[in-house]
Amino acid sequence: MSTYVYGITAASHPSLPDGMGGVGDPPRPVRILKAGELAAVVSDAPEGLRPKRKDLLAHQNVLSETGAGGCVLPMRFGSVAPDDDTVGGVLTERAEHYTERLRALDGKVEYNVKGSHVEEAVLHRVMAENPDIRAQAESNRRSGGGSYDDKIRLGEMVAAAVQAREAGDAAEVVRALEPAAAAVSVGPESTGWLVNTSFLVDRGSAEEFLAAVEQARKDLPHLELRVNGPLPPYSFVEPGPAEPAGTAAGADAGAE
């Protein structure tokens with residue numbers, strides 16, 4: 001039977017509530033595997049596991065219950081090992097790494113920030129900043145809208161200018177929020193978003209971080225910023241004891 005891994009804690013971590021269920025239908029009983037000074041929160045892995053809402057919620061619930069008693073290193077949804085012995089072996093092999101991560105992440109949470117351009121606002125900004133685009137637009141206006149080629153040329157100029165702003169705007173968001181975070185992890189490119197970055201934040205500084213987000217929204221009105229959190233610090237744990245078998249939970253998944 002394969003072993004599903006929810007997270008890693010210290011072996012001294014308080015016990016979980018009796019009868020806690022995890023992923024699967026029916027929910028698989030959650031148990032603790034100890035190896036030296038570390039422990040893994042696991043259950044048997046159901047066959048054909050997919051990132052359905054019910055199982056995503058079950059995964060998150062186990063982590064929430066575990067995290068209520070102390071620091072837990074969350075594994076992403078779908079982390080499955082061949083068996084219990086494999087999990088124990090990895091805990092032993094990477095004991096130094098996980099112990100360091102438990103110390104570093106104690107009392108901290110993750111906030112994922114995604115940003116995209118507000119179309120009308122960024123177009124106004126691009127026009128204001130680029131005299132060549134303004135000149136082409138004015139030429140088109142004077143000639144009754146311009147020829148087909150003129151319209152294509154203007155559209156290409158605007159598109160290139162907007163694209164050129166994306167990297168700069170993404171960096172500006174990170175610069176604005178980084179001082180309020182303990183660490184930063186840039187996520188994979190995500191369709192429709194010019195920035196997809198996770199920030200590790202001390203629980204006691206969460207209000208300061210969210211205030212920094214609000215200030216960034218005021219300072220960068222041509223951007224739409226979406227914040228997801230607080231989350232378990234998924235982006236600051238890897239590598240885990242098993243490879244994800246399905247879509248990852250955390251910054252980009254889960255029930256909202």
Side-chain angles (χ1 to χ4, degrees), residues 6-10 12-14 16 37-39 41 56-57 59-77 79 96-118 166-190 193-240 248-256:
Y6 300 88
I8 297 170
T9 69
S12 58
H13 193 282
L16 296 174
E37 296 183 357
L38 296 172
V41 183
L56 288 167
L57 287 172
H59 181 94
Q60 294 177 354
N61 181 61
V62 171
L63 288 172
S64 295
E65 290 287 348
T66 307
C71 187
V72 56
L73 305 181
M75 296 296 105
R76 296 183 182 274
F77 178 88
S79 292
E96 184 177 352
H97 168 75
Y98 291 133
T99 300
E100 183 278 330
R101 288 289 81 196
L102 282 167
R103 284 195 299 266
L105 299 180
D106 190 21
K108 295 180 175 64
V109 293
E110 176 175 333
Y111 284 90
N112 176 256
V113 177
K114 288 184 172 66
S116 63
H117 278 145
V118 177
E166 290 184 354
D169 285 337
E172 200 164 351
V173 171
V174 174
R175 280 197 299 271
L177 303 182
E178 191 171 16
V184 177
S185 175
V186 178
E189 292 186 6
S190 183
W193 304 100
L194 59 89
V195 59
N196 174 27
T197 303
S198 290
F199 298 84
L200 185 66
V201 178
D202 191 289
R203 288 184 184 274
S205 302
E207 290 187 8
E208 177 185 343
F209 177 80
L210 293 175
V213 174
E214 289 305 314
Q215 187 62 49
R217 285 177 171 140
K218 294 177 182 177
D219 295 339
L220 304 168
H222 62 294
L223 295 180
E224 177 188 350
L225 298 180
R226 189 189 80 173
V227 181
N228 190 14
L231 301 164
Y234 292 99
S235 301
F236 303 90
V237 176
E238 302 297 353
D252 296 309
E256 295 182 13

Q.
Can you confirm whether L210 sits close enough to Y111 that some side-chain heavy atom of one is under 4.5 Å from a side-chain heavy atom of the other?
A. yes
Q. With no hydrogens and no angle check, is any side-chain donor or acceptor of S205 less than 3.5 Å from a backbone partner on V201?
A. no
Q: Count the heavy atoms belonging to other residues, nucleotides or ligands that lie under 6.0 Å from CD of Q215, then report whether that count exceeds 12.
A: yes
Q) Does the side chain of V195 reach to within under 4.5 Å of the side chain of D169, using non-hydrogen atoms? A) no
Q: Could you tell me how the ring of F199 sits relative to the ring of F209: parallel (under 30°), tilted (30 to 60°) or perpendicular (over 60°)?
A: tilted
**Q.** Check: R76 main-chain N/O paired with S79 side-chain donor or acceptor under 3.5 Å
**A.** yes
Q: Verify, without hydrogens or angle tests, whether R203 (side chain) and V109 (backbone) share a donor-acceptor contact under 3.5 angstrom.
A: no
**Q.** Least distance between heavy atoms, V237 atom then H97 atom
**A.** O-NE2, 3.3 Å
Q) Are the side chain of N228 and the backbone of N112 linked by a donor-acceptor contact shorter than 3.5 Å? A) no
**Q.** E214 and R217 ion-paired at < 4.0 Å
**A.** yes
Q: Give a yes or no answer on whether the side chain of E110 reaches the backbone of Y234 with a donor-acceptor pair at less than 3.5 Å.
A: yes
Q | Main-chain N/O of M75 paired to H59 side chain as donor or acceptor, under 3.5 Å | A | yes
Q) Are any non-hydrogen side-chain atoms of V118 and P221 less than 4.5 angstrom apart? A) no
